There are 2 protein chains.
Amino acid sequence: MEEQLSIAQTSQKFNIAASTLRYYEKIGLMDPVEKNASGHRIYKEKDFRRINFIKTLREAGVTVEQIKTYVDLFHEGEHTIPQRKQLLIEQLHLLQKQADNLLHVIDDLKDIIQNYEDTLVKREMDQRRKNRT
Amino acid sequence: MEEQLSIAQTSQKFNIAASTLRYYEKIGLMDPVEKNASGHRIYKEKDFRRINFIKTLREAGVTVEQIKTYVDLFHEGEHTIPQRKQLLIEQLHLLQKQADNLLHVIDDLKDIIQNYEDTLVKREMDQRRKNRT
DNA sequence: TTAGTACTTAAAGTTAACTTTAAGTCAACC
DNA sequence: GGTTGACTTAAAGTTAACTTTAAGTACTAA
C-alpha cells in the first residue's frame with residue numbers, strides 16, 4: 001500500500017513545521033492535499049515528492065515566489081515545458097554563481113583562520129623562549 | 001594619498017545603498033566613520049576593507065548578527081583571537097555544508113533540465129515522422 | 001538671497017517567510 | 001457526558017535586513 005501520513009508525521013519526516021506545510025499549501029506551492037472524513041490532511045507519495053522539491057530548492061536559497069512560478073507553469077500543462085526548462089536554466093545559473101561565490105568565501109575564511117593559527121603558534125613559541133631564559 | 005570617498009561614492013564603489021552603509025554603522029558592523037567639518041562621512045581604506053569583509057560574508061549568507069559577534073570580539077583585542085578563530089571555523093563548516101548542498105541541488109536541476117530536453121527532442125522527432133507520412 | 005544638492009539623524013515602513021494564536025470540529029477514552 | 005488530543009481555519013504576530021520618510025544643516029551657483 002502507498003504510504004499515507006498525517007500532517008504531524010509528514011512534518012517529522014521532512015523536518016518541516018506543520019504550519020509551514022499548511023502555509024505552502026495555502027500559497028499554492030503544494031497542490032490541495034487530500035483530506036479524510038474528519039477533514040484532516042493525508043499526505044501521499046506525490047505530496048512527498050513535491051515537499052522534497054520545495055525543501056531542496058528552499059535550502060539552496062530559491063525563493064518561495066520563484067518556486068511558485070515554476071509550479072504554476074507545471075499546472076498549465078505540457079506546453080509550458082520550454083518555459084519551465086528556461087526558468088530552471090536561469091535558476092541553475094544563479095545557483096552556480098552562488099556556489100562559486102561560496103567557494104571563494106570559504107577560501108578567504110581558510111586564509112583568515114590560518115593567519116590566526118600562525119599568530120597563536122608564534123605566541124606560544126615566544127612564550128617557550130621566555131620560559132627557557 | 002589615501003583614497004577618501006563620500007558615502008555616495010562609497011555606495012557606488014561597493015554597490016551597497018548609502019542607507020545600508022549608515023545602517024551597518026549604526027548597528028556596529030562598521031566602526032564610526034570619520035566625518036568632515038560639515039558632518040559628512042569620509043570613508044577611507046580601513047572602512048573599505050571592513051565593507052568588503054561584510055559584503056563578502058553577507059553574500060555568502062552569513063547573518064548580520066554573526067558578523068556583529070565577530071566584530072565585537074575583534075574590538076575586545078588580541079586575547080579574543082582563539083574565540084574568533086573558533087567562530088570562523090564554525091562558520092566555515094556551515095558554509096561548506098551550504099556549498100555541498102548547493103552543488104547537489106545544481107546536479108538535480110541539471111537532471112530535470114536534461115529530462116525536459118529529452119522530452120522536447122522526442123516531441124520534435126514525432127513531429128518529423130508525422131510530416132513525412 | 002534664494003535655489004539646489006548632498007548630506008545628516010531618528011523613526012517609521014517594507015518584505016519574505018514563516019509562526020503563533022484563537023476559536024472551533026471530531027473521534028476516542030474515562 | 002465530559003475531557004483530551006490531533007487536527008482545522010483565518011488572522012494576527014514575528015524576525016531579519018534593509019529602505020523610506022521627514023525634518024534639518026551646510027556648501028555652491030545664479
Side-chain angles (χ1 to χ4, degrees), chain A residues 4-44 47 50-72 91 94 98 101 105, chain B residues 4-44 47 50-72 91 94 98 101 105:
Chain A
Q4 299 190 173
L5 300 183
S6 72
I7 195 166
Q9 293 166 325
T10 308
S11 165
Q12 278 229 343
K13 180 179 172 107
F14 292 97
N15 198 26
I16 294 178
S19 58
T20 304
L21 291 174
R22 290 197 200 93
Y23 164 71
Y24 283 164
E25 189 177 338
K26 186 172 178 178
I27 63 174
L29 281 199
M30 299 289 299
D31 300 340
V33 174
E34 203 186 310
K35 310 234 180 122
N36 68 13
S38 37
H40 292 190
R41 287 174 178 77
I42 311 166
Y43 289 84
K44 298 187 176 174
D47 302 308
R50 178 65 66 81
I51 293 171
N52 245 327
F53 180 72
I54 297 170
K55 191 183 181 189
T56 306
L57 291 181
R58 284 297 296 124
E59 282 176 356
V62 179
T63 67
V64 159
E65 201 188 343
Q66 285 162 331
I67 303 175
K68 183 75 190 332
T69 306
Y70 181 85
V71 170
D72 286 350
Q91 207 50 249
L94 284 179
Q98 209 180 313
N101 182 54
V105 176
Chain B
Q4 298 190 174
L5 299 183
S6 70
I7 194 165
Q9 292 167 327
T10 308
S11 165
Q12 277 228 345
K13 179 178 172 109
F14 292 97
N15 197 27
I16 294 177
S19 59
T20 304
L21 291 174
R22 290 197 201 93
Y23 164 70
Y24 284 163
E25 189 177 336
K26 186 174 178 177
I27 64 174
L29 282 199
M30 298 289 297
D31 301 340
V33 174
E34 204 186 309
K35 309 235 179 119
N36 67 13
S38 38
H40 293 191
R41 287 173 179 78
I42 312 166
Y43 289 84
K44 297 188 178 173
D47 303 309
R50 179 65 66 79
I51 293 172
N52 244 330
F53 180 72
I54 297 169
K55 190 182 182 190
T56 307
L57 291 181
R58 284 296 299 122
E59 282 176 356
V62 178
T63 67
V64 159
E65 202 188 342
Q66 285 162 331
I67 303 175
K68 182 74 191 330
T69 306
Y70 181 84
V71 169
D72 286 349
Q91 207 52 247
L94 284 178
Q98 209 181 312
N101 183 54
V105 176

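Letters A, B, ... mirror the listed sequences (proteins, then strands); counts begin at 1. Remember, it's a predicted structure, so these values are computed and weren't measured experimentally.
Between the CZ atom of B:Arg58 and the C1' atom of D:dA17 there is a distance of 7 Å, given to the nearest Å. Nucleotide C:dA17 holds its C1' atom 12 Å from the CD atom of A:Glu65, rounded to whole Å. The separation between B:Tyr43 atom OH and C:dA6 atom P is 17 Å, rounded to whole Å. B:Glu25 places its CD atom 15 Å from the P atom of D:dC18, with the value rounded to the nearest Å. The interatomic distance linking A:Tyr23 (OH) with C:dA17 (P) rounds to 6 Å, in whole Å. Rounded to a whole Å, the NZ atom of A:Lys55 is 15 Å from the C1' atom of C:dC18. For A:Glu34 and D:dC7, the CD to C1' distance is 16 Å, given to the nearest whole Å. We find that CD1 of B:Ile42 is positioned 17 Å from P of C:dA6, with the value rounded to whole Å.
Within the model, atoms CD of B:Gln91 and CG of B:Leu57 stand 7.5 Å from one another, a figure rounded to the nearest 0.5 Å. Atom OG1 in A:Thr20 sits 13.5 Å away from atom CZ in A:Phe14 (nearest 0.5 Å).
Closest contact between the side chain of B:Ser19 and the listed nucleotides C:dA16, C:dC7, D:dT19 involves D:dT19.
In this structure, B:Asn15 places its CG atom where only 12 or fewer heavy-atom neighbours from other residues, nucleotides or ligands lie under 6.0 Å away. No more than 12 heavy atoms of other residues, nucleotides or ligands sit less than 6.0 Å from atom CD of A:Gln12.
Side-chain nitrogen and oxygen atoms of A:Tyr24 include none within less than 4.0 Å of the OP1 or OP2 phosphate oxygen of C:dA17. Under 4.0 angstrom from either OP1 or OP2 of C:dT8 there lies at least one side-chain N or O belonging to B:Arg41. Regarding contacts with the backbone of D:dA6, every side-chain N or O of A:Ser38 stays at 4.0 angstrom or more from both OP1 and OP2. An OP1 or OP2 oxygen of C:dT9 is reached within less than 4.0 angstrom by a side-chain nitrogen or oxygen of B:Lys35. In this model, the phosphate group of C:dA17 is not approached by any side-chain N or O of A:Thr20 to a distance below 4.0 Å at OP1 or OP2. Not one side-chain nitrogen or oxygen of B:Arg22 sits closer than 4.0 Å to the OP1 or OP2 atom of C:dA10.
Side-chain N or O atoms of A:Glu59 include none that pairs as donor or acceptor with a backbone N or O of B:Asn101 at under 3.5 Å.
In terms of position along DNA chain C, the nucleotide closest to B:Gln9 lies nearer the 5' end than the nucleotide closest to the other residue of the pair B:Gln9 and B:Lys26. Taking for each of A:Thr63 and B:His40 the nucleotide of DNA chain C with the nearest heavy atom, the 5'-most of the two is the partner of B:His40.
Heavy atoms of A:Ala8 sit under 4.0 angstrom from primed sugar atoms or phosphate atoms, though from no base atom. At the heavy-atom level, B:Ala37 lies nowhere under 4.0 Å from the strands shown. Within 4.0 Å (heavy atoms only), A:Ile7 reaches sugar-phosphate atoms of the nucleic acid but no base atom.
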